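Down below is the structure, laid out as structure tokens.
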Amino acid sequence: MRAISARAKRIASFPPSRHGRPTPIASHGPTCPSSSSLLDEFAEHCHQRDLSRAMKAMHAMQRQGIWADAITYSELVKCCVARGAVEEGKSVHKHVFSCGYQPKTYLLNVLLNMYVRFNLLEDAEGLFDEMPDRNVVSWTTLISAYVSKGMNNRALEFLILMLRGGVQPNMYTYSSVLRACADLGMLRQLHSGIIKVGMESDVFVRSALIDNYSKQGELQDALDVFNEMVTKDLGVWNSIIGAFAQNSNGDKALEMYKCMKRAGFAPDQATLTSVLRASTALALLEVGRQVHVHVLKFDRDLILNNALLDMYCKCGGLEGANSVFSRMAERDVISWSTMIAGLAQNGCSLEAMRLFEQMKHSGTEPNYITIVGVLFACSHAGLVEDGLHYFRSMKRSFGIDPGREHYGCMVDLLGRAGKLDEAVKLINEMECEPDAVTWRTLLSACRVHRNSDLAIYAAKQVVKLDPDDAGTYILLSNIYANNQRWEEVTEVRRSMRVRGIAKEPGCSWIEVNKKIHAFILGDDSHPHIDGINRHLNQTVQRLMSIGYVPDTNFVLQDLEDEQREASLQYHSEKLAIAYGIMSLPREKTIMIRKNLRICGDCHTFTKLLAKMEQRIIVIRDPVRYHHFTDGACSCGDFW
DNA sequence: CTAGGGTTAG
């Protein structure tokens with residue numbers, strides 16, 4: 001067993017206890033008139049949760065050497081916990097230990113819990129070591145404290161000690177300790193142990209299992225646990241919906257949400273947060289708006305409002321985002337960071353910078369992610385000097401060490417400004433290893449500034465770090481082809497074949513009447529495809545009459561050969577946009593989401609189309625947002 | 001007296 005802590009020794013040195021005489025006074029009648037009234041008064045204050053009067057009465061009792069019963073002290077301790085009264089709580093602890101009998105395990109557990117709640121783990125441990133009897137609650141309290149502090153090994157070690165001590169864990173213990181499973185093997189082991197002792201039917205244990213399988217990316221296991229349940233509660237539904245939402249399976253999350261409602265459960269804050277996250281991932285602004293209506297019931301919930309804010313930002317609904325942000329009763333660092341990044345992503349970098357200034361005056365400290373957003377805004381607005389300033393001073397001003405993402409923004413910033421050499425220099429100076437994203441950022445800059453040699457170098461780095469990314473191989477092979485380096489073209493194509501890499505076809509989605517319409521290159525299964533093609537042809541004709549020239553030069557673009565010519569007009573985003581213009585009212589923004597990055601021709605096409613039709617078109621590719629308004633794009637032609 | 005489910009970048 002563990003060593004006795006200094007704290008425990010101090011506690012043990014309090015006046016000697018007279019064992020075997022529980023509740024010496026309260027239940028044995030008054031010893032004298034004054035003590036009786038004092039005791040009654042104390043009990044009444046505890047019952048009324050009048051902390052300061054209770055403490056006064058307690059000290060008076062201590063001077064007279066009289067003590068109350070365990071239940072009354074427990075009430076007082078709970079009152080201290082509720083008020084966050086640390087010193088008072090400690091003083092009750094001392095009082096109890098100076099009392100003339102051995103405190104009951106129940107009361108000690110209450111004190112133990114108090115220390116855990118006050119985040120005083122050492123005091124809790126000291127008390128735990130001193131306890132003459134530890135029951136399942138004592139063990140669980142400590143184990144749960146270790147888990148929530150991330151001390152997983154200690155938690156598991158204590159589970160073993162508990163079992164060795166002959167104390168049977170209950171479902172409280174298991175639902176806590178499940179969170180401490182570092183790997184899948186351990187999780188499965190614990191899971192089978194839980195089944196053996198027949199505790200898998202508890203809803204808390206179930207949802208802990210679901211959540212932990214999901215955190216390990218084992219969605220099928222999570223779903224199995226869920227499906228095996230006969231009686232489900234809201235928490236379990238929230239676990240499974242959250243599981244899908246967090247593993248970027250928005251469709252399945254929304255599907256489960258529908259099932260949940262059909263099963264008669266009303267969504268709560270946690271449900272709605274996950275549903276919003278799912279809508280965000282799928283860029284379903286309309287679904288998000290519907291959820292917003294439910295959110296109004298919980299309009300003081302910070303996490304939920306943050307999710308709502310993010311949904312509006314990511315789905316291109318900046319007005320919605322602004323209105324949510326301005327109405328929020330309370331804002332934390334996540335609210336500010338979300339809004340700053342959201343403004344920047346939607347092409348409002350100057351507003352983002354202004355908001356950051358406001359944030360600094362608001363008293364909320366920026367964090368790592370906030371600065372990513374700020375640098376992102378600088379790079380999007382071409383604010384080279386500001387970006388460099390924030391980057392160089394972030395450590396000094398905010399105590400944040402620049403990480404990969406910050407370097408990435410700076411590479412983007414320098415690359416966008418054409419300072420490719422400086423961008424490379426920065427990558428070489430990175431304290432952390434550059435990753436595929438870093439090199440891909442440089443690659444984008446090379447593409448825009450037409451630097452083939454550096455592009456080849458960057459693409460090779462990307463391939464090294466992310467060997468399954470088809471787009472990079474194709475980009476590389478196209479660069480070689482453009483430089484007549486046919487042997488290398490063959491070599492790249494060969495290594496793609498060897499690795500079994502095929503480029504996925506371009507696909508774009510648009511939401512019309514709450515339904516998702518998907519357009520895949522070369523797939524004409526959409527029921528209105530003929531009308532759409534006709535409309536698209538007419539549009540191209542009209543655009544050409546005002547100066548649009550289809551751009552077939554795909555050098556430095558990661559497009560397949562066969563996608564270049566005949567299908568140029570039928571790139572999936574063009575079809576989706578045409579469909580959007582045909583079927584959405586003029587005032588509606590046309591929101592497209594696509595799986596591949598937009599090509600230069602579609603980009604030009606969309607800019608001109610937005611102007612000609614006087615429409616706002618938003619295309620969200622896997623990396624960034626393009627807001628097309630009146631002949632220009634928020635990305636500033638850099639992506 | 002002890003337990004589960006939610007938010008920001010890449």
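Everything numeric in this text was worked out from a predicted model, so none of it was measured. Per chain, numbering begins at 1; letters A, B, ... match sequence-line order.
- As rounded to whole Å, 10 Å separates atom P of B/dC1 from atom CZ of A/Arg117.
- Using a 5.5 Å limit on the distance between ring centres and a 30° limit on the angle between planes, the aromatic ring of A/Phe204 counts as stacked on the six-membered base ring of B/dA3.
- Among B/dG6, B/dG4, B/dA3, the nucleotide with an atom closest to any side-chain atom of A/Val236 is B/dG4.
- Applying the 3.5 Å distance criterion, the base of B/dG4 shares no donor-acceptor pair with the side chain of A/Ser175.
- Taking atom CZ of residue A/Phe128 and atom C1' of nucleotide B/dT2, one finds them 12 Å apart after rounding to whole Å.
- A salt bridge links A/Arg440 with A/Asp466; the closest basic N to acidic carboxylate O contact falls under 4.0 Å.
- As judged by a 4.0 angstrom heavy-atom cut-off over every strand, A/Asn135 is placed among residues making no nucleic acid contact.
- When each of A/Asp301, A/Thr338, A/Thr273, A/Asp332 is tested with A/Asn306 by the rule side chain to side chain donor-acceptor pair (under 3.5 Å), just one qualifies, namely A/Asp332.
- A/Leu302 has its CG atom 11 Å from the C1' atom of B/dG6, to the nearest Å.
- Distances shorter than 4.0 Å separate none of the side-chain N or O atoms of A/Lys232 from OP1 or OP2 on B/dG4.
- Residue A/Ser274 has its side chain nearest to B/dG6 when only B/dG6, B/dG4, B/dA9 are considered.
- Checking B/dG6, B/dA9, B/dG10 against the side-chain heavy atoms of A/Thr273 singles out B/dG6 as nearest.
- No engagement by A/Tyr174 is indicated, since no non-hydrogen atom pair under 4.0 Å with the nucleic acid exists.
- Of the candidates B/dT7, B/dT2, B/dG4, the closest approach to any side-chain atom of A/Gln246 belongs to B/dT7.
- Of the candidate nucleotides B/dG10, B/dG6, B/dT7, B/dG6 has the atom lying nearest to any side-chain atom of A/Lys215.
- Contact check on A/Arg188 versus A/Glu218 returns a salt bridge, with a Lys/Arg side-chain nitrogen under 4.0 Å from an Asp/Glu carboxylate oxygen.
- For A/Ala307, taking side-chain heavy atoms from C-beta onward, the closest of the listed nucleotides B/dT2, B/dT7, B/dT8 is B/dT7.
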- request: List the steps and the verdict of ring-ring contact (aromatic ring centres under 6.0 Å, His included) for A/Trp139 and A/Phe128.
  value: CA-CA 8 Å; A/Trp139 285 99; A/Phe128 184 85; 5.0 Å; yes
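- If you check every strand for non-hydrogen atoms under 4.0 Å, A/Val203 touches a base.
- Looking at A/Lys252 and A/Glu255, a side-chain N of the basic residue comes within less than 4.0 Å of a carboxylate O on the acidic one, giving a salt bridge.
- Screening A/Lys232, A/Met256, A/Arg206 for a side chain to side chain contact (heavy atoms under 4.5 Å, CB included) with A/Ile240, the sole residue that qualifies is A/Met256.
- Checked against B/dG10, B/dG4, B/dG6, the side chain of A/Val437 finds its nearest nucleotide in B/dG10.
- At B/dT7, one or more side-chain N or O atoms of A/Arg277 fall inside 4.0 Å of OP1 or OP2 (strictly under the cut-off).
- Between the side chain of A/Asn113 and the base of B/dC1, no donor-acceptor pair under 3.5 Å is found.
- Note: NE2 (A/His380) to C1' (B/dA9) measures 13 Å, nearest angstrom.
- Listed nucleotides: B/dG4, B/dC1, B/dT2. Nearest to the side chain of A/Val110: B/dC1.
- A/Glu75 has no carboxylate O lying under 4.0 Å from a charged side-chain N of A/Lys78, or vice versa, which leaves the two without a salt bridge.
- Within the structure, every side-chain polar atom (N or O) of A/Arg179 is placed at least 4.0 Å from both OP1 and OP2 of B/dA3.
- Rounded to an integer number of Å, the gap from CD1 of A/Ile340 to P of B/dA9 is 13 Å.
- Counting to the nearest Å, the C1' atom of B/dG4 and the CD atom of A/Gln269 are 15 Å from each other.
- Side-chain to base pairing of A/Asp202 with B/dG4: no donor and acceptor N or O lie closer than 3.5 Å to each other.
- Atom-to-atom, CG of A/Asn367 to P of B/dT8 comes out at 12 Å; the value is rounded to the nearest Å.
- At a cut-off of 3.5 angstrom, the base of B/dG10 holds no donor-acceptor pair with the side chain of A/Asp435.
- Distance A/Lys104 NZ to B/dC1 P: 15 Å, rounded to the nearest Å.
- Residue-level contact check: A/Gly235 touches the bases, meaning some heavy atom is under 4.0 Å from a base atom.
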